[in-house]
Amino acid sequence: MTYILMVWTVVAMGGSSGWKAHDWRPLGEFRSQTNSADQQYGKNAEQMCEQAARQLGLKTENYRCVRSK
């Protein structure tokens with residue numbers, strides 16, 4: 001299984017009025033580890049994604065761990 005860390009971030013800023021445009025952008029991809037019998041071991045992808053967000057100090061409203069596969 002694969003999860004993508006998506007962050008809500010500023011993608012553009014405008015002149016003297018100081019407007020900002022925000023968008024969701026991918027920051028990292030996390031895959032669950034499997035053994036030869038296709039059984040999961042260790043941390044799963046969602047846990048690794050959440051851990052990365054915590055290590056970056058992201059607020060919960062500014063990121064999502066989205067399942068992609």
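All values below come from the heavy atoms of this structure, side chains included, with hydrogens, waters and symmetry mates left out.
- Two residues are said to be in side-chain contact when any heavy atoms from C-beta on lie closer than 4.5 Å; Q47 and Y3 fail this criterion.
- When every heavy atom of V10 is checked against every heavy atom of H22, the shortest pair comes out as CG2-NE2, 3.5 Å.
- Atom OG1 in T9 sits 10.0 Å away from atom NZ in K20 (nearest 0.5 Å).
- Between the side chain of T2 and the backbone N or O of R31, no donor-acceptor pair lies under 3.5 Å.
- Within the model, atoms CD of E50 and SG of C65 stand 4.0 Å from one another, a figure rounded to the nearest 0.5 Å.
- Follow the hydrophobic side-chain contacts under 4.5 Å out from M48 and you reach L27 in the same cluster.
- Neither L5 nor W8 shares a network with the other; the hydrophobic side chains, linked directly or stepwise wherever heavy atoms of I, L, V, M, F, W or Y lie under 4.5 Å apart, form separate groups for each.
- Of all the heavy atoms in I4 and S68, the pair that sits closest is CD1-CB, 3.8 Å.
- We find the OH-CG distance between Y63 and L56 to be 10.0 Å, quoted to the nearest 0.5 Å.
- Closest non-hydrogen pair, A45 versus S32, comes out as N-OG, 3.0 Å.
- Smallest separation of non-hydrogen atoms from R64 and W24: CG-CH2, 3.6 Å.
- Atom CE of M6 is separated from atom CG of N62 by 13.0 Å, given to the nearest 0.5 angstrom.
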